[in-house]
Colleague: 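Quick one: structure below, then a few questions.
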Amino acid sequence: MSHGLHSALARANANIAFIKYWGNRDDELRLPANSSLSMTLEGLFAQTAVTWQSTADDTFVLNGQQQTGEPLRRVSAHLDVLRRRLSLDARAHVESHNNFPTGAGIASSAAAFAALTVAGVAAAGAALDERELTMLARLGSGSASRSIPAGFVEWHAGTSHEESYAESIFPPDYWDLVDVIAVVSREHKPVGSTAGHRSAVTSDLQAARVAGADRRLNLCKEAIAARDFPRFAQIVELDSNLMHAVMMTSDPPLFYWQPASLTIMNLVRQWRAEGLRVCYTLDAGPNVHCICLAEDASVIAERLRAIPQVIEIFSARPGNKAHVVSIP
Ligand code: DP6
């Protein structure tokens with residue numbers, strides 16, 4: 001590594017899955033049980049600076065707070081992945097900022113591990129292709145693989161490290177969708193995704209969900225290709241409901257929905273029946289992602305704002321790919 005060129009700042013957007021990732025065939029390699037499909041979310045990002053240096057330990061500062069314990073261990077484990085790939089033995093100082101709440105159903109780990117991967121590679125002066133960046137990000141957090149490419153993204157499950165990668169299937173401007181996120185809780189989720197993935201197999205419903213995942217993914221892809229909102233809405237809501245059915249029937253059972261989540265889901269279906277182009281999807285948290293056509297986004301946001309349990313609203317269009325912001 002040449003002197004003075006061992007630092008880089010990168011930014012990666014979060015993403016929302018339309019066809020969900022839940023459960024792994026290999027937990028270590030984060031090889032998922034099924035392929036998934038998502039939209040990258042413009043403006044909901046993690047921005048991360050990595051500096052490779054000759055100190056004794058890795059250090060990690062998140063939103064201005066020095067991290068220890070599990071968050072530091074997980075970042076350090078991902079730095080090990082990068083060190084192995086880049087043949088580095090330096091330690092790293094990592095400084096990261098999110099501009100959205102951590103651990104509340106907006107995939108903060110996705111943006112975080114995508115930005116960490118892009119910054120870590122650039123800081124080492126290496127240039128890897130996008131496919132390999134998605135594979136490396138996947139080892140940090142599965143959904144992070146989908147936060148590397150732009151727009152509408154498919155993560156191919158694969159059965160080996162090299163085959164499990166994500167790619168953009170439609171550019172951001174292909175379809176004017178907006179994710180209007182209704183935040184109903186800011187609390188950190190009681191059971192994180194990593195533990196959740198491990199318990200998915202304990203549900204009798206997981207095998208059926210996985211068996212139908214490719215079929216749903218293809219239907220979703222076709223609906224996006226045709227910009228057919230009714231077909232899109234039907235498959236997105238079905239896939240979210242299937243994942244939550246698995247969660248609720250796992251051992252231990254995981255109930256991520258709050259009463260307010262269900263209230264909003266029912267309203268969204270009612271609004272669609274009235275002619276608004278909107279559907280819902282929820283990740284491992286109670287916040288409701290209302291996916292709508294851009295033309296309907298301001299009406300949806302206004303209606304969500306009028307619901308007393310809604311604390312805050314974020315809106316995001318299809319997003320750009322993860323990228324290096326600066327190399328000092
Ligand atoms: C419910 O990617 O957060 O958001 O690989 O353990 O970090 P780890 O899991 P993560 O799981 C995301 C699960 C989900 C659905 C999805 O985004 O597809």
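Numbering of ligands and ligand atoms starts at 1, following listing order. All heavy atoms count here, side chains included; hydrogens, waters and symmetry mates do not.
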Colleague: Find all atoms of ligand 1 within a distance of less than 4.0 Å from any non-hydrogen atom belonging to Arg30, and give their numbers and elements.
Modeller: 5 (O), 6 (O), 7 (O), 8 (P)

Colleague: Mark the output for Arg74 as yes if a heavy-atom distance to ligand 1 is under 4.0 Å, and as no if none is.
Modeller: yes

Colleague: Closer than 4.0 angstrom: is that true for some heavy atom of Ala284 and an atom of ligand 1?
Modeller: yes

Colleague: Short list, please: which atoms of ligand 1 are under 4.0 Å from a heavy atom of Ala17?
Modeller: 16 (C), 17 (O), 18 (O)

Colleague: Taking the ring of Phe232 and the ring of Trp175, is the distance between their centroids below 6.0 Å?
Modeller: yes

Colleague: Would you say Cys279 and Phe229 make side-chain contact, with heavy atoms under 4.5 Å?
Modeller: yes

Colleague: So is Met243 in contact with ligand 1, going by heavy-atom distances below 4.0 Å?
Modeller: yes

Colleague: List every atom of ligand 1 that sits less than 4.0 Å from any heavy atom of Ser141, numbering the atoms from 1 in the order shown and giving each element.
Modeller: 2 (O), 3 (O), 5 (O), 7 (O), 8 (P), 10 (P)

Colleague: Using heavy-atom distances only, which candidate in Met247, Lys20, Arg146 approaches atom 17 (O) of ligand 1 most closely?
Modeller: Arg146

Colleague: Run the numbers for me: atoms of ligand 1, each under 4.0 Å from some heavy atom of Ser109, listed by number.
Modeller: 3 (O), 7 (O)

Colleague: So which of Phe113, Tyr21, Phe18 gets nearest to atom 15 (C) of ligand 1, if we judge by its closest heavy atom?
Modeller: Tyr21

Colleague: Is there a donor-acceptor contact under 3.5 Å linking the side chains of Ser141 and Ser109?
Modeller: yes

Colleague: Please confirm whether Ser36 comes under 4.0 Å of ligand 1, counting heavy atoms of the residue only.
Modeller: no

Colleague: Any ion pair linking Asp239 and Arg216 (charged N to carboxylate O, less than 4.0 Å)?
Modeller: yes

Colleague: Taking distance alone, no hydrogens or angles, what donor-acceptor pairs closer than 3.5 Å link side-chain atoms of residues 316-324 to residues at least two apart or in another chain?
Modeller:
{"from": "His323", "atom 1": "ND1", "to": "Lys321", "atom 2": "O", "distance (Å)": "3.1"}

Colleague: Examine the proximity of ligand 1 to Ser143 and report which part, side chain or backbone, both or neither, has a heavy atom under 4.0 Å away.
Modeller: both

Colleague: Flag the pair Leu37 / Ile224 as yes when at least one side-chain heavy-atom distance between them is below 4.5 Å, and no otherwise.
Modeller: yes

Colleague: Looking at ligand 1, does any of its N/O atoms fall within less than 3.5 Å of an N/O of Gly142?
Modeller: yes

Colleague: For the residue pair Trp257 and His244, categorise the inter-ring angle as parallel (less than 30°), tilted (30 to 60°) or perpendicular (more than 60°).
Modeller: tilted

Colleague: Extract all donor-acceptor atom pairs below 3.5 Å that involve side chains of residues 121-137 and protein atoms in other chains or at least two apart in sequence.
Modeller:
{"from": "Asp129", "atom 1": "OD1", "to": "Glu132", "atom 2": "N", "distance (Å)": "2.9"}
{"from": "Arg131", "atom 1": "NH2", "to": "Glu162", "atom 2": "O", "distance (Å)": "2.8"}
{"from": "Glu132", "atom 1": "OE1", "to": "Arg85", "atom 2": "NH2", "distance (Å)": "3.2"}
{"from": "Glu132", "atom 1": "OE2", "to": "Arg85", "atom 2": "NE", "distance (Å)": "2.4"}
{"from": "Thr134", "atom 1": "OG1", "to": "Arg131", "atom 2": "O", "distance (Å)": "2.7"}
{"from": "Thr134", "atom 1": "OG1", "to": "Ala166", "atom 2": "N", "distance (Å)": "3.0"}

